[in-house]
Protein chains: 2
Amino acid sequence: MSGAVLSLKNRMPGARREIDLAGLDFSNCPVRDMMQQIGGKWSTLLLEVLAAEPRRFGELRRMLPDISQRMLTQTLRDLQRDGYIAREVFPTKPPSVEYSMTDLGRSLYQPLSQLLNWAEANHDPVRAARARFDGADS
Amino acid sequence: MSGAVLSLKNRMPGARREIDLAGLDFSNCPVRDMMQQIGGKWSTLLLEVLAAEPRRFGELRRMLPDISQRMLTQTLRDLQRDGYIAREVFPTKPPSVEYSMTDLGRSLYQPLSQLLNWAEANHDPVRAARARFDGADS
DNA sequence: GGTCGTTGGTCTCAAAAAGAGACTAACGCT
DNA sequence: AGCGTTAGTCTCTTTTTGAGACCAACGACC
């Protein structure tokens with residue numbers, strides 16, 4: 001989970017030049033760094049839910065019935081770590097915790113929701129491609 | 001990898017109504033279905049490379065020096081399966097294989113590249129948030 | 001004419017990540 | 001006293017990822 005952004009920067013002094021990806025900077029790769037988090041199995045789901053309104057832990061757990069508590073805790077913590085969501089503890093009788101989206105999270109959510117819309121709109125072509133592929137060689 | 005889109009549709013007849021996620025359809029979840037693929041460690045990287053121009057297998061392997069052949073093969077096949085990229089074999093002496101983006105892939109790449117741009121533009125805030133978080137409790 | 005390198009993979013095994021579910025501790029209700 | 005609620009943590013199992021050896025066919029080299 002931690003460390004190891006890419007380990008490409010220190011990787012042979014003389015060699016390694018090649019094509020260099022049309023200007024893409026993979027040595028520092030913000031794309032992978034972020035997509036690793038966003039692409040997690042539950043991250044987008046949680047961002048989508050929290051983009052609508054703040055939620056409490058148990059509320060989220062009930063909304064995503066097939067997430068394990070372990071993964072919910074961990075995904076929330078990772079999203080918080082990256083600054084997308086905020087965690088606030090209320091000192092009620094059994095302390096309750098509310099998660100809400102930050103400004104950075106909302107900023108991320110704009111392009112992300114576009115992608116999510118694409119996913120919903122193009123689910124059929126993808127499923128069709130899959131069926132074609134799976135049927136072709138089996 | 002296969003089956004099990006969510007297993008929420010058949011899950012208690014009477015109960016389970018709650019909030020229903022502000023209109024989001026999680027029973028069939030195209031979002032997770034697609035993000036699972038896109039969010040893979042190498043998928044976006046490959047899509048980004050292939051969006052620029054078609055590439056051969058070995059070429060891709062050399063461009064992404066820290067991908068294992070196994071994962072390269074598998075990621076390419078998954079992207080092909082979902083219809084984002086096409087695989088063409090040329091019957092040269094040692095047969096060569098070229099991967100190129102399909103129309104569906106290009107369609108996906110539009111919102112995806114927006115997200116990728118966001119990632120590059122906002123790498124610093126995210127890294128800052130991370131540093132703050134990691135420093136806070138340690 | 002045997003060896004080397006090239007092609008695009010597959011196979012096996014080890015490491016890392018994800019999932020399931022039991023367990024915790026403080027409080028409220030009955 | 002016993003049960004349920006809160007938000008988690010801990011352990012164990014399964015799945016996914018990663019590293020790297022191996023493969024078959026051909027061309028060039030010596």
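Proteins get letters first, then strands, A, B, ... in listed order; numbering begins at 1 in each. Hydrogens, waters and symmetry mates are skipped; everything else that's a heavy atom, side chains included, is used.
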Please report, rounded to the nearest Å, how far the [atom2] atom of [N] is from the [atom1] atom of [X].
| X | N | atom1 | atom2 | result |
| --- | --- | --- | --- | --- |
| B/K93 | C/dC4 | NZ | P | 22 Å |
| A/R62 | D/dG8 | CZ | P | 14 Å |
| B/L72 | D/dA19 | CG | P | 13 Å |
| B/F57 | C/dG8 | CZ | C1' | 6 Å |
| A/I67 | D/dT9 | CD1 | P | 14 Å |
| B/R55 | C/dG8 | CZ | C1' | 17 Å |
| B/M71 | D/dT16 | CE | P | 11 Å |
| B/Q74 | D/dT15 | CD | C1' | 12 Å |

Please confirm whether the shortest side-chain N or O distance from [X] to OP1 or OP2 of [N] is below 4.0 Å.
| X | N | value |
| --- | --- | --- |
| A/R77 | D/dT9 | yes |
| B/R61 | D/dG20 | no |
| A/K41 | D/dT16 | no |
| B/Q69 | C/dT10 | no |
| A/W42 | C/dG19 | yes |

Notebook entry, point to check: So what does A/F90 hit on the nucleic acid, given a heavy-atom distance under 4.0 Å: a base, only sugar-phosphate, or nothing?
Noted result: nothing

Margin query: As a test of reading the structure: which of C/dT10, D/dG18, C/dT7 is closest to the side chain of B/T73, going by heavy atoms?
Written below: C/dT10

Notebook entry, point to check: Can you find an N or O donor on one side and an acceptor on the other, under 3.5 Å apart, linking the side chain of A/R56 with the base of D/dA7?
Noted result: no

Check: Out of curiosity, A/L60 CG to A/Q69 CD, how far, rounded to the nearest 0.5 Å?
Finding: 11.5 Å

Notebook entry, point to check: Between A/Y109 and A/L116, which heavy-atom pair has the shortest distance, and what is it?
Noted result: CE1-CD2, 4.5 Å

Notebook entry, point to check: B/D66 and B/W42: which non-hydrogen atoms are nearest, and at how many Å?
Noted result: O-CH2, 3.4 Å

Check: Quick check: does any side chain N or O of A/T75 sit under 3.5 Å from a backbone N or O of A/L72, one acting as donor and the other as acceptor?
Finding: no

Note to self: Need to verify one output field. Residue with the more 5' nearest nucleotide on DNA chain D, A/R70 or A/E98?
What the structure shows: A/E98

Next item on the list: Among A/T102, A/L108, A/D103, A/L104, find the one that has a side chain to side chain contact (heavy atoms under 4.5 Å, CB included) with A/R106.
Entry: A/D103

